[in-house]
Amino acid sequence: MVPAWLWLLCVSVPQVTLETQDRRVLWGPQPVLVRVKDENDQVPQFSQAIYRAQLSRGTRPGIPFLFLEASDQDEPGTANSDLRFRILSQAPAQPSPDMFQLEPRQGALALSPKGSTSLDHALEKTYQLLVQVKDMGDQASGHQAIATVEVSIIENTWVPLEPIHLAENLKVLYPHHIAQVHWSGDDVHYRLESQPLGPFDVDAEGNLYVTRELDTEAQAEYVLQVWAQNSRGEDYAAPLELHVLVMDENDNVPVCPPRGPAVSIPELSPPGTEVTRLSAEDADAPGSPNSHIVYQLLSPESEDEVEGRAFQVDPTSGSVTLGALPLQAGQNILLLVLAMDLAGAEGGFSSTCEVEVEVTDINDHAPEFTTSQIGPISLPEDVEPGTLVAMLTATDADLEPAFRLMDFAIEREDTEGTFDLDWEPDSGHVGLRLCKNLSYEAAPSHKVVVVVRSVAELVGPGPGPGATATVTVLVERVMPPPKLDQERYEASVPISAPAGSLLLTIQSSDPISRCLRFSLVNDSEGWLCIEKVSGEVHTAQSLQGAQPGDTYTVLVEAQDTDEPRLSTSAPLVIHFLKAPPAPALTPAPVPSRYLCTPRQDHGVIVSGPSKDSDLASGHGPYSFALGPNPTVQRDWRLQTLNGSHAYLTLALHWVEPREHIIPVVVSHNAQMWQLLVRVIVCRCNVEGQCMRKVGRMKGMPTKLSAVGILVGTLLAIGIFLILIFTHRTLSRKKDLDQPADSVPLKATV
């Protein structure tokens, strides 16, 4: 209502505009805001005088089941329109006078906690409540209004539902009604939740629906919760639970596990060894026949083959195990196993599972040599250490590279340490090498036994006979080159020496008896020659052009006649001397000596002129040489021992037994002497003693007389035989000339 004074202002002041609340007054050109003060001149009013409501037993306390509505025409937001609700009375007052509670501001009527506990046992069917609404808020003054609320108590229909069984893949029209819930009170709204979230719904009447097909494999069971709520979304009671069970159908094929990497099984694994365990999955309901899976082996062999199969499968557990047939290393086998639901019954589904099996190698093969006997191998005894003697090859039937690693060793040999082995760790080839020098005299042959072993531990039987190989080595004797008695030869010769003069004899000092062939090299002047067999060096011609004091060097070469590749050489230096005056070569008194023929290992010592000798002109050294007689140089050999002595021996194996006079030329500086050495060559006995010729003994016949006696004896025997023969011939002739009757008769018996 507009105050009277404001209306008076409006009458006395033209051009003033009034509004309901804040009034804006236009006074001349400038607006003026005028606030109109409200007075509590309006009485609150209920929306209806009598309220009727149904209350279900089991309603929770404090949950409003009725909302009272009242209004006040006073200015909103002021104390004049601030309404408060309260219960004035309850009839009947049993079983408790305060069965209900009224929210003072909102007007929400609900059971009190005491009333909630008492209502289930109360016999009253109806309660009448006198309720009041008053303005001015909590102030004692104010206008008020009264209304009546009739509450009917009804039985609780909010009861649990039995589980619902729904077939999966149900072919019906959706949404499909499955159940209904009911709250017996007024002002009810239903809310539904499912665990897990599923295709379910509820309408305002509490009808429950499934909105599409269900799948057991996706979800076999749902728990639905339904709430009965008031208009403010507050729950009247605890929610109802409804279990929805989805009935399974055999609509899923068994699913094999994905094919993984190959399963490794060592070879020679015993029968019954588990290879793998199949676990096919069926999305049908667990524990039902639809998901009951059994297994059957399809390949590589049929389950019908009881004997001699390599694999077998347990139909219930899906365990794949080894059979009696052994597997070989390196095999890759693809097993096909049939997984069937419905326990293999007709009409079920099946899938084929694949299992790849790889048979791995174990070290069950001992390495063996490809050849157990090698040789004989011939090696010269001068072969250098480190030389490869033989190459042996061993093989291992295992497939794994680690199992094919081999270790080699010399098990035994004739001479320890003579040979050694050389091989690469990952190779089956081993070389037998020489470590020491060979000697034909020490060991003309060698036998080396080489053994091969597996580096990894061997499984199964031990190494067989092929694990060893015997190498036979024959040592070839190597003849050393010829060896001369001197490394350097020197000889002096007067420049007047005639052709054929013996200068010296080249001799061998080799302990091995061999035949040598001598030759001269670099004899540019052609002054010298050498006997190929004896080694005697002579002047080949007169030394024309040679000067006293000069030297002439040639090379003496000695070659083994049996082994031409074996040879040696030594330099020969000739010193030229001036021609001496012809000396009187007076034989020096040399005592007689004797030597044995055939030749034996001893000779005659020849000494140079003594100090007291007329031939000696001073001290040595002296040079010794045989005289220029070719026969002497052929039959004899003279070797200088030192500056005062020489050694005279037979050059030929056989020399005629008699007394020999050997001229020996001795030279010193420019002087020369000749010694006549008297040597008796004779036959010797086994003790090496000379057997001398003895003269004729008296009374013994000579050779001529012996021959005469023999001839006379033979002549006498011949004459005697002739006489006998003649006599017999004449006697036979006389018998033939006599008459037949004069022949005496032979007596008969």
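Numbering of residues begins at 1 and proceeds along the displayed sequence. Computation of the quantities below employed the complete heavy-atom set of this structure, encompassing side-chain atoms and omitting hydrogens, waters and symmetry-equivalent molecules.
Counting only N and O atoms by type, the side chains of N252 and D282 include no donor and acceptor under 3.5 Å apart. T211 and D201 are not linked by any side-chain donor-acceptor pair at a separation below 3.5 angstrom, with hydrogens and angles left out of the test. Side chains of T472 and K447: a donor-acceptor N/O pair is present below 3.5 angstrom, by distance only. A donor and an acceptor atom, one from each side chain of T321 and E274, are nowhere located under 3.5 Å apart. Inspection of the N169 and D251 side chains reveals an N or O donor paired with an N or O acceptor under 3.5 Å. Side-chain contact, N207 with H177: a donor N or O sits under 3.5 Å from an acceptor N or O.
In this structure the side chain of F419 reaches within 4.5 angstrom of the side chain of V473, judged on heavy atoms. The shortest side-chain heavy-atom distance between V449 and I410 does not fall under the 4.5 Å cut-off. Using a 4.5 Å heavy-atom cutoff, the side chains of Y190 and V181 are in contact. Put simply, the side chain of V383 reaches to within 4.5 Å of the side chain of L438, judged on heavy atoms. Side-chain contact check for T360 versus I265: every heavy-atom pair is 4.5 Å or farther apart. You'll find the side chain of L242 stays beyond 4.5 Å of the side chain of V226, heavy atoms only. Annotation: side chain of E155 is not in contact with side chain of S56 (no heavy-atom distance under 4.5 Å).
Judged purely by atom type and a 3.5 angstrom limit, T418 has no side-chain atom pairing as donor or acceptor with the backbone of K436. Side-chain atoms of Q106 do not come within 3.5 Å of backbone N or O of E103 as any donor-acceptor pair. Formation of a donor-acceptor pair under 3.5 Å by the T216 side chain with backbone atoms of A220 is not found in this model. With hydrogens and angles ignored, the 3.5 Å screen pairs no side-chain donor or acceptor of R277 with any backbone N or O of V320.
Taking the six-membered ring for Trp, H243 and Y222 have ring centres at least 6.0 Å apart.
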Checklist entry - Going through the distances and angles, do R60 and E234 end up as a salt bridge (charged side-chain N to carboxylate O under 4.0 Å, His left out)? => result CA-CA 10 Å; R60 294 192 302 176; E234 297 172 318; over 6 Å; no
Checklist entry - What do the steps show when you test S454 against N363 for side chain to side chain donor-acceptor pair (under 3.5 Å), and what is the final call? => result CA-CA 8 Å; S454 178; N363 193 22; 3.0 Å; yes
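Classification of D422 and R433 as a salt-bridged pair holds, one side-chain N sitting under 4.0 Å from a carboxylate O. Using a 4.0 Å cut-off between charged side-chain N and carboxylate O, E356 and R259 make a salt bridge. A salt bridge does not link E557 with R517: every distance from a Lys NZ or Arg NE/NH1/NH2 to an Asp or Glu carboxylate oxygen is 4.0 Å or more. Under the 4.0 Å criterion applied to side-chain N and carboxylate O atoms, E193 and R191 are assigned as salt-bridge partners. Salt-bridge formation is detected for the pair E213/K171: a Lys NZ or Arg NE/NH1/NH2 atom is positioned less than 4.0 Å from an Asp or Glu carboxylate oxygen.
The aromatic rings of W183 and W158 sit perpendicular, their planes meeting at an angle over 60°, well past the 30° parallel limit.
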